[in-house]
Amino acid sequence: MDPSRALAGSRMRGIEKTLIRRMHDLADPSCIDLGLGELRFPTPRPILDHVRENLDGWKLGYTPNEGYAELRGLIAEKSRVPVTADRICVTVGAQEALLAVLMVVVDRGDEVLVPDPGFPAYPSLVRMAGGEPKSYPLRREHGFRLKADDVLAGIGERTKAVILNSPNNPTGAVYEEAELKKLADGLRAAPVLAISDEVYKEIAFGAPPPSIASFSDRCAVIDSFSKSFCLTGWRIGWCAVPAELVGPLASFHQLAVTCAPAISQRAAIQALRGAADADRARNVAELKARRDFAAACLRRHSDLGFVLPEGAFYLFVDVAPKRAGFGGSLDIALKLLAEDKVVTIPGVAFGSGGEGWLRLSFASEPETLEEGIRRIGRRLAGRQA
Ligand code: PLP
């Protein structure tokens, strides 16, 4: 055998950690962090108390592969989207749910449509599953909301699925019901599977975000307890899939992870029993106040344009007019990190449609937000492309 043969196979060639993580890895503790997509609120006290009080009595062995029946039942009952317990698989965060669905749907060479700008994991996960990501635009002139025609125009012979994400990371846009209905009709005719990533659906500042699952059963819903209940590190999410995918998805999930952590499933059950509803409502109200505060800070400390987000906890800020002397959004973000000690995420991390933008998380405390935005405004003051 060739002794110089590489250990790494080709599957992960060209696939790296997302730029979001890499920006974070570059930061030191003295930095103001407007980067990572994580709430700063603690895990709700009623969930922690419940876990603490019951820990000794629980058997924390393997759970059924698809998750505790009680949890799947509660997810079906409490979810605003029409999903049934027999179609639900409890996963290790939404991240595993996304990979699992793609692994069972995508054949080598299939295309999957992904949003641009969009969550950077999508194209990489599609590639890991053997497919080819093809982007569809989310346009600034529509407030970055999805237009069904922009998605349908991208569908070709090889298109197997389309990934949707509302409320959206990185723009905070919430899609309109009429466009989702129109898209559902178009996808049914194609036929193409909708993969609807709804991890931010509880963090919306207006009416509850509509879901394409209300208009189509050719749809996989992806969701998670990470953002809704501040359970990021507990790694607990779920997906609900069409009947045909239940078996293959269960096999993939069993072989990959066996089951989601038992203790996290217990915490999720308690969350869905309503224990943390008051915390969640308070957190969403607080995030809305922080959004408005961050927007006011941007107006006060800078002349940067932005689109006011309707959900999630990100402000997408237009730095295109400021590129002179910098280069692209990555150069701007690196400069802000090195010289001003502020972590931001360059828009190009979300695809070429994000170039010229920076994503700022407004999950931080108001004083931190203001100081971070003040530094950004100072760095970019007066520069014109
Ligand atoms: N989908 C989107 C759009 C996200 O922003 C994230 C995390 O930031 C995820 C999925 C992954 O969530 P989880 O922590 O449940 O794996």
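Both ligands and their constituent atoms are indexed starting at 1 by order of listing. These numbers come from a predicted model, not from an experiment.
Atoms of ligand 1 lying under 4.0 Å from at least one heavy atom of Tyr122, given by number and element, are 3 (C). Near Gly93, meaning under 4.0 Å from one of its heavy atoms, ligand 1 places the atoms 15 (O), 16 (O). Listed by number with element, the atoms of ligand 1 under 4.0 angstrom from any heavy atom of Tyr200 are 3 (C), 4 (C), 5 (O), 8 (O). Taking every non-hydrogen atom of Ser226 and a distance limit under 4.0 Å, the qualifying atoms of ligand 1 come out as 13 (P), 14 (O), 15 (O).
Put simply, NZ on Lys182 and CZ on Phe215 are 14.0 Å apart, with the number rounded to the nearest 0.5 Å. Going from atom SG of Cys259 over to atom CD of Gln265 covers 6.0 Å, rounded to the nearest 0.5 Å. Taking CD of Glu38 as the start and CG of Asp33 as the end, the distance is 9.5 Å to the nearest 0.5 Å. The line from CG of Leu360 to OG1 of Thr344 is 6.5 Å long, rounded to the nearest 0.5 Å.
At the top of the distance list for atom 3 (C) of ligand 1, counting protein heavy atoms only, stands Asp197 OD2, 3.4 Å. Of the protein's non-hydrogen atoms, Phe119 CZ, 3.4 Å is the one closest to atom 6 (C) of ligand 1.
Ring centroid separation for the pair Phe293 and Phe362 does not come in under the 6.0 Å cut-off. A ring-centre distance under 6.0 Å is found for Tyr314 and Tyr200.
Backbone and side-chain nitrogen or oxygen atoms of Arg235 are examined, and one is located within less than 3.5 angstrom of a nitrogen or oxygen of ligand 1. In terms of N/O distances under 3.5 Å, ligand 1 is not approached by Asn165. Of the N or O atoms in Ala94, one or more lie within a sub-3.5 Å distance of an N or O in ligand 1. For ligand 1, none of its N or O atoms has an N or O atom of Thr232 under 3.5 Å away.
Ligand 1 has no atom lying under 4.0 Å from any heavy atom of Phe225. Look at Phe313 and you'll find every heavy atom at least 4.0 Å from all atoms of ligand 1. In this structure, Lys227 is part of the shell of residues with a heavy atom less than 4.0 angstrom from ligand 1.
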Asp277 vs Arg282, salt bridge (Lys or Arg N to Asp or Glu O under 4.0 Å): CA-CA, chis, key distance, verdict | CA-CA 9 Å; Asp277 285 358; Arg282 205 170 38 244; over 6 Å; no
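Considering only non-hydrogen atoms, atom 11 (C) of ligand 1 lies nearest to Gln95 out of Glu198, Gln95, Glu96.
Counting heavy atoms from C-beta outward, Asn168 and Val174 have side chains that stay 4.5 Å or more apart.
In terms of heavy atoms, Gln270 sits closest to Pro46 at CG-O, 4.3 Å.
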